[in-house]
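For reference, the structure is listed below as structure tokens.
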Amino acid sequence: MNASDAHPLRHALPLFLAAGLRLSALDATAKYLVRDHSLWIVVWARYAGQMIVVTPFAWHRTGRDFWRARRPGVQLLRSLCLLLATLGFWGGLRYLPLAEASSITFLAPIFVVLLSWPLLRERATRARRIASGVGFVGVLILLRPGSAVMHPAVGLLVGAALANALYQLLTRKLLDERPHTTLFYSASVGTLALTLGLPFAVQFEQLVHAGILPLLLLGFFAGLGHWCMTHAYLQAPASLLTPFTYLQILWATAFGYAIFDQHPDRLSGIGMAIIVASGVSLAWWEHRRSRLF
């Protein structure tokens with residue numbers, strides 16, 4: 001990393017690390033809640049809380065037309081993919097350890113490589129194909145027969161990774177949008193969809209039983225985490241920040257051990273390390289390539 005990289009990263013990295021920590025805390029809180037409460041309530045609280053945080057922020061930074069999008073259709077589809085990713089991931093968390101579940105969601109970069117040509121007409125570079133293959137090997141080690149991850153709920157996590165990949169690919173189609181407008185759509189679409197279904201999916205007694213404080217905590221972690229991440233991306237290129245995304249596996253491992261007394265066995269740890277190594281190597285390669293061209 002040279003001096004020109006150090007200045008933006010010095011300001012953006014603390015925000016990005018804080019975002020990852022808060023989003024990992026969000027997942028840990030969700031795992032704690034979905035054991036005894038409706039998945040619908042838990043996900044609704046996450047999106048409603050995020051909308052409460054990001055809406056005034058978007059209004060302040062963009063003005064009263066913060067909700068006007070140049071491509072509303074893409075914004076809606078992208079936000080629905082994010083909602084499906086959240087439902088799948090947190091649904092799987094009910095049955096699987098936090099660290100291993102978080103690692104499986106890093107299948108998303110592999111799906112991005114597979115889908116980038118049919119959806120965006122972007123050919124995957126050789127480095128992307130190699131990194132995706134290595135990451136897939138790590139996932140296979142994680143999902144080996146006899147491991148704690150071998151559960152039908154893995155299908156939910158794979159679906160979440162696919163939805164997340166589509167979310168990332170659609171984000172590339174919104175480079176001409178204002179980031180605060182995109183942030184608002186990410187929160188509001190999920191909130192609206194879940195609120196409309198709340199009377200049919202949840203009994204009032206369940207909502208009361210869930211308790212207001214844990215649900216507010218979800219909203220706090222979601223809103224503040226996405227606020228920090230947005231600010232980080234406004235101050236530094238994504239290619240500089242992406243390698244630090246994989247620290248979330250470490251934080252998920254720490255939360256899983258501290259709260260749920262769960263920790264990966266040796267082979268699972270090796271699989272997770274391979275996933276992290278493939279992702280960090282690819283991010284480094286992409287950053288180096290962008291500087292050359």
### Message
Within the structure provided, determine whether Trp251 and Leu17 are in side-chain contact (heavy-atom separation under 4.5 Å).
### Response
yes
### Query
Taking a hydrophobic cluster as the set of Ile, Leu, Val, Met, Phe, Trp and Tyr residues connected by side-chain heavy atoms closer than 4.5 Å, whether directly or through intermediates, do Leu21 and Ile249 fall within one such cluster?
yes
### Query
For the residue pair Phe184 and Phe66, does the interplanar ring angle fall in the parallel (under 30°), tilted (30 to 60°) or perpendicular (over 60°) class?
perpendicular
Check: residues 152-169 side-chain donor-acceptor pairs under 3.5 Å, at least two apart:
from   : atom 1 : to    : atom 2 : distance (Å)
Tyr167 : OH     : Arg78 : NH2    : 2.9

### Query
Are the side chain of Thr55 and the backbone N or O of Ile52 linked by a donor-acceptor pair below 3.5 Å?
no
### Message
For the CG atom of Leu82 and the CG atom of Leu170, what is their distance to the nearest 0.5 Å?
### Response
11.0 Å
### Query
Going only through I, L, V, M, F, W and Y residues with side-chain contacts under 4.5 Å, is there a path from Val42 to Phe89?
yes
#### Entry: Flag, side chain of Asp65 to backbone of Arg68, donor-acceptor distance under 3.5 Å
no
### Task
Look at the side chain of Ser278 and the backbone N and O of Ile275, then say whether any donor-acceptor pair between them is shorter than 3.5 Å.
yes
### Message
Is it the case that the side chain of Trp90 and the backbone of Lys31 share a donor-acceptor pair, with hydrogens and angles ignored and the cut-off at 3.5 Å?
### Response
no
### Message
As an exercise, state the distance from CH2 of Trp44 to CG of Leu198, rounded to the nearest 0.5 Å.
### Response
6.0 Å
### Task
Begin from the C-alpha positions of Leu33 and His37 and carry the test side chain to side chain contact (heavy atoms under 4.5 Å, CB included) through to its verdict.
CA-CA 6 Å; Leu33 290 173; His37 302 300; 3.8 Å; yes
### Query
Is any side-chain heavy atom of Phe57 closer than 4.5 Å to a side-chain heavy atom of His180?
yes
### Query
Nearest heavy-atom pair of Leu218 and Ala45: which atoms, and what distance?
CD1-CB, 4.1 Å
### Query
Can you tell me if Gln248 and Ser102 form a side-chain donor-acceptor pair at under 3.5 Å?
no
### Query
Hey, does the side chain of Arg71 reach the backbone of Lys173 with a donor-acceptor pair shorter than 3.5 angstrom?
yes
### Query
Which atoms form the tightest heavy-atom contact between Ala99 and Thr253, and what is the distance?
CB-OG1, 3.4 Å
### Query
Just how far is it from atom CD of Gln75 to atom OG1 of Thr182, taken to the nearest 0.5 Å?
4.0 Å
### Message
Quick one: does any side-chain atom of Ser103 pair with a main-chain N or O of Met272 as donor and acceptor, under 3.5 Å?
### Response
no
## Note on the structure
Closest heavy-atom pair, Leu15 versus Cys228, reported as atoms and distance to 0.1 Å, is O-CB, 3.5 Å
### Task
Report yes or no: do Leu39 and Ile41 belong to one cluster of Ile/Leu/Val/Met/Phe/Trp/Tyr joined by side chain heavy-atom distances under 4.5 Å?
yes
### Task
Find out if a path of hydrophobic residues (ILVMFWY) with successive side-chain heavy-atom gaps under 4.5 Å connects Phe260 to Val34.
yes
### Message
Show, in sequence, the C-alpha distance, side-chain angles and deciding distance for Val276 and Leu250, and conclude whether the side chain to side chain contact (heavy atoms under 4.5 Å, CB included) test is met.
### Response
CA-CA 10 Å; Val276 171; Leu250 300 180; over 6 Å; no
### Message
With no hydrogens and no angle check, just 3.5 Å: does a side-chain donor-acceptor pair link Arg46 and Gln50?
### Response
yes
### Task
Report yes if some heavy atom in the side chain of Leu217 is under 4.5 Å from a heavy atom in the side chain of Phe221; otherwise report no.
yes
### Task
Report yes or no: do Asp27 and Ser24 form a side-chain donor-acceptor pair below 3.5 Å?
no
### Task
Please examine the side chains of Leu98 and Leu93, heavy atoms only from C-beta on, and report whether any two atoms are closer than 4.5 Å.
yes
### Query
How long is the gap from CG on Asp176 to CG on Leu174, to the nearest 0.5 Å?
7.0 Å
### Query
Could you give the distance from CZ (Phe200) to CH2 (Trp40), rounded to the nearest 0.5 Å?
10.5 Å
## Note on the structure
Besides Ile270, the hydrophobic cluster formed by Ile, Leu, Val, Met, Phe, Trp and Tyr side chains linked at under 4.5 Å, directly or via other members, contains Ile130, Val134, Val137, Ile141, Leu267, Ile274
### Task
Work out which heavy atom in Glu177 is nearest to a heavy atom in Arg70; give both atom names and the distance.
OE2-N, 2.9 Å
### Query
Any luck finding a side-chain donor-acceptor pair between Tyr47 and Thr86 under 3.5 Å?
yes
### Query
Would you call Trp67 and Ser188 a side-chain contact if the rule is heavy atoms closer than 4.5 Å?
no
### Path from Leu84 to Ile104 over hydrophobic side-chain contacts below 4.5 Å
no
